[in-house]
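Keep in mind the model is a prediction, meaning the values are calculated, not measured. The sequence lines fix the lettering, A, B, ..., with proteins before strands; numbering per chain opens at 1.
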Amino acid sequence: MVDIDLDALEPTDFIQEAVLEDLKNGRFNYVRTRLPPEPNGYLHIGHVKAFLIDYNTAKLFGGELYLRFDDTNPAREETEYVDAIKEDIQWLGIEWAKETYASDYFELLYEWAIRLIKIGLAYVDDQSPEEVSRNRGTLTEPGIESPFRNRSVEENLDLLERMKNGAFPEGSRVLRAKIDMSHPNMVMRDPTMYRIMHTSHHRTGSKWCIYPMYDWSHGQNDSMEGITHSLCSLEYEIHRPLYEWFLEHLGEFKSRQIEFSRLNMTYTMMSKRKLRKLIEEGIVKDWDDPRLTTLRGLRRRGYTPEAILDFNKRTGVSKVNIVNSGVMVDYALLEACIRDDLNKRALRKMAVLKPLKLVIDNYPEDQVEEMEAINNPEDESAGTRKVPFSKVLYIEQDDFLEDPPKKFYRLFPGNEVRLRYAYFITCTDVVKDEQGNIIEVHCTFDPETHGGNAPDGRRVKSTIHWVSAQHAVPAEVRLYDRLFTKEQPDDVENGEEYATYVNPASLEIIERAFAEPGLAGTQPGEKFQFERTGYFCVDPDSKENKLVFNRTVALRDSWAKFQEQQKN
RNA sequence: UGGGGCGUGGUGUAACGGUAACACACCGGCCUUUGGAGCCGUGGUUCUUGGUUCGAAUCCAGGCGCCCCAGCCA
């Protein structure tokens, strides 16, 4: 029973409004939702939307959430996935009241099937899969009734039991609901309830030789568990009449199904089948490849549960149906969410991704100063730290140009910039190798500007980051970009393959970057902002003697954007 | 050409018959010891046509467009 003040509740979407209405008008007096993953692959960001709708709806009304694995197809489901899915859901912070399996109800479901046979509403069909398909009709033409449709109850009962016990080969028979072969809704044209599979199940072993179809299992499981609100995506809307038909004739408890838009995102793929293909073809390494929008990929990439929850909140809930039964959300929104979260929380560090040697000619040879740096300008309580400074430094290659274009404010011959938290420097000279590559930049510093402030009040246009060459720790840095160059990579155009749209620059490995010494010893999962370049986290590949960082997302970069504009 | 859904700036969501709002993106500007962050500003005849109404994104009717369904997948 709900013992909360319904009038005080604030529903945040149309589903919660509908549930509130059901509670107010007495259709239900409690709320129980269910979260129904199929244990046949890893979770991706699209699943999160569905999960959070179930979780948040139950939570708002003081109800409970069941985690029910839809394990009705043993040919593709494994325990390994069950564990991984639970781990991912927990990582997000979703709690469930009870863990159940569709297979928990195989026995009861079988009894219900017998009841349907007994009232003449289900029959064993001996047609081949091809015949069943051919006789289903088309979208505009009615189907043809099976010659086995009017078998006696006794024969149906006998055949089903023998099917269950393994008397017949796979594909030889199915149990079908007897509804209407000319129904305009294809789902209602005598849908299959059980098929024969001589496959061992991850939980029931070899006990069953028949397994229920999703359409026969799901709605009945909802009923058996007393699920009040069965929340699912739009493509199940046309299945709702079938679920209601079953329960109506069985005389069992009816859940209310409410459908919502699925989440699709630009520059990525959501379907498990396609994700699996990416892995099999070696385009990405595994389910946790940081370029994937799987939960494991996002986690390894450095995304936080908070950012993903925020993303979910910002994308909302609706029934808008633009593509693939749902909406198409801009990938940039996800990036905005992680930037927002990490901006507030991540400690700042300095790291030079593409090092260029900088020598301060007038700085004493052996001197080392400890410069005070702010750990997080967004959070004063994060305090400060000391960063060693000396005569020879590394700066970013991108921060120096011998012959700069207009609007380039960084270092170039004759120009003065600030080294973050250190000094003002002026570039005096450039050293090149025989091929003409710049290998060293020389400058002088102004001792009066210690800490980065000029007592005479003069200003510089730019502040650049640095690390002291003799103190820096080397690190491998993996720069990621979107996996595809096309907004909808699965919208494959004539003759092409989605592989055509794979972004060749989706992964760039920098073998030898240099980080400030404070980064030594950091542990996998730790997150930082490398000033001026982006947010990074320590990869699980990282070892005591070899740091590995993943770039979660780059900082917004108006200079890079400006350059991009100039090109176009 | 059957059935079921959905149409609000580029994208996603609000507005529950009473001045179309918010976020992201984009483009300007301010500010800045991160070209980050922050702050301010410019973008829409609410798919369309007609009707009801003092008043319509909202209610009604027609049209158009898009998505889903012909697995012994879920």
Length of the [atom1]-[atom2] vector between [X] and [N], whole Å:
| X | N | atom1 | atom2 | value |
| --- | --- | --- | --- | --- |
| Gln16(A) | A14(B) | CD | P | 11 Å |
| Glu564(A) | G35(B) | CD | P | 19 Å |
| His239(A) | G5(B) | NE2 | P | 13 Å |

Separation between the [atom1] atoms of [N] and [M], rounded to whole Å:
| N | M | atom1 | value |
| --- | --- | --- | --- |
| C16(B) | U49(B) | P | 24 Å |
| U45(B) | A20(B) | C1' | 12 Å |
| G43(B) | A21(B) | C1' | 15 Å |
| G12(B) | C6(B) | C1' | 15 Å |
| G62(B) | G44(B) | C1' | 25 Å |
| C60(B) | U11(B) | C1' | 31 Å |
| A56(B) | U48(B) | C1' | 15 Å |

[options]: which one has an atom nearest the side-chain heavy atoms of [X]?
| X | options | answer |
| --- | --- | --- |
| Thr463(A) | C72(B), G36(B), G35(B) | G35(B) |
| Ser325(A) | G36(B), C67(B), G5(B) | C67(B) |
| Arg136(A) | G5(B), G3(B), G71(B) | G71(B) |
| Ile322(A) | G12(B), C69(B), C73(B) | G12(B) |
| Thr315(A) | A74(B), G12(B), U34(B) | G12(B) |
| Arg459(A) | G36(B), U32(B), C27(B) | U32(B) |
| Val327(A) | G2(B), U13(B), A25(B) | U13(B) |
| Ala332(A) | C24(B), A70(B), A74(B) | C24(B) |
| Met186(A) | G2(B), C72(B), A37(B) | G2(B) |
| Asn321(A) | G35(B), U11(B), G5(B) | G5(B) |

I want to check one thing: is the phosphate of [N], taken as OP1 and OP2, less than 4.0 Å away from some side-chain N or O of [X]?
| X | N | answer |
| --- | --- | --- |
| Arg410(A) | G35(B) | no |
| Ser133(A) | G71(B) | yes |
| Ser318(A) | C6(B) | no |
| Gln127(A) | C72(B) | no |
| Ser558(A) | G36(B) | yes |
| Lys561(A) | C26(B) | yes |
| Arg418(A) | U34(B) | no |
| Thr192(A) | C72(B) | yes |
| Arg240(A) | C68(B) | no |
| Arg532(A) | G35(B) | yes |

For G43(B), measure the glycosidic angle (O4'-C1'-N9-C4 for a purine, O4'-C1'-N1-C2 for a pyrimidine) and name it syn if it falls within 90° of 0, otherwise anti.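 Syn conformation here, the glycosidic angle of G43(B) being no more than 90° from 0.
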G71(B): syn or anti, with syn meaning chi within 90° of zero?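 Here the answer is syn: the torsion falls within 90° of 0.
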Could you tell me whether [X] and [Y] have their ring centroids closer than 6.0 angstrom?
| X | Y | answer |
| --- | --- | --- |
| Phe445(A) | Phe424(A) | no |
| Phe106(A) | His201(A) | yes |
| Tyr243(A) | Tyr236(A) | no |
| Tyr303(A) | Phe311(A) | no |

State, without any angle test, whether [X] and [Y] hold a side-chain donor-acceptor pair at a distance under 3.5 Å.
| X | Y | value |
| --- | --- | --- |
| Arg34(A) | Ser230(A) | yes |
| Ser233(A) | Ser325(A) | no |
| Asp180(A) | Ser182(A) | yes |

Mind checking Ser261(A) for me? I need base, sugar-phosphate or nothing, with any heavy atom below 4.0 Å counting as a touch.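 Contact class for Ser261(A): none.
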Want to settle it: does Arg556(A) or Ile374(A) sit nearer the 5' end of RNA chain B, counting the closest nucleotide to each?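 Checking each residue's closest nucleotide, the 5'-ward one belongs to Ile374(A).
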Quick one, which residues of residues 333-344 of chain A touch RNA chain B with a heavy atom under 4.0 Å?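 Per residue number, the list reads Leu333(A), Ala336(A), Asn343(A).
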Need the pair for G71(B). Rule: Watson-Crick or G-U wobble, both distances under 3.5 Å, any strand; none if unpaired.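 Checking every strand shown, G71(B) finds no partner, since no pair has both distances under 3.5 Å.
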Output yes if the stacking criterion (under 5.5 Å between centres, under 30° between planes) is met for Phe562(A) over the base of G35(B), else no.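 Per 5.5 Å and 30° rule: no stacking.
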Examine the base of [N] for any acceptor or donor lying under 3.5 Å from a partner atom in the side chain of [X], and report the outcome as yes or no.
| X | N | result |
| --- | --- | --- |
| Glu38(A) | C73(B) | no |
| Glu378(A) | G36(B) | yes |
| Arg348(A) | U34(B) | yes |

Carefully, step by step, assess Tyr267(A) and Tyr331(A) under the rule ring-ring contact (aromatic ring centres under 6.0 Å, His included). CA-CA 7 Å; Tyr267(A) 300 109; Tyr331(A) 186 85; 7.0 Å; no
Which atom pair, heavy atoms only, marks the closest approach of Glu161(A) to Tyr110(A)?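 Shortest heavy-atom separation between Glu161(A) and Tyr110(A) comes out as CA-OH, 3.3 Å.
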Check this for me: Glu380(A), atom CD, are more than 12 non-hydrogen atoms of other residues, nucleotides or ligands nearer than 6.0 Å?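 Atom CD in Glu380(A) is not packed in, count stays at 12 or less.
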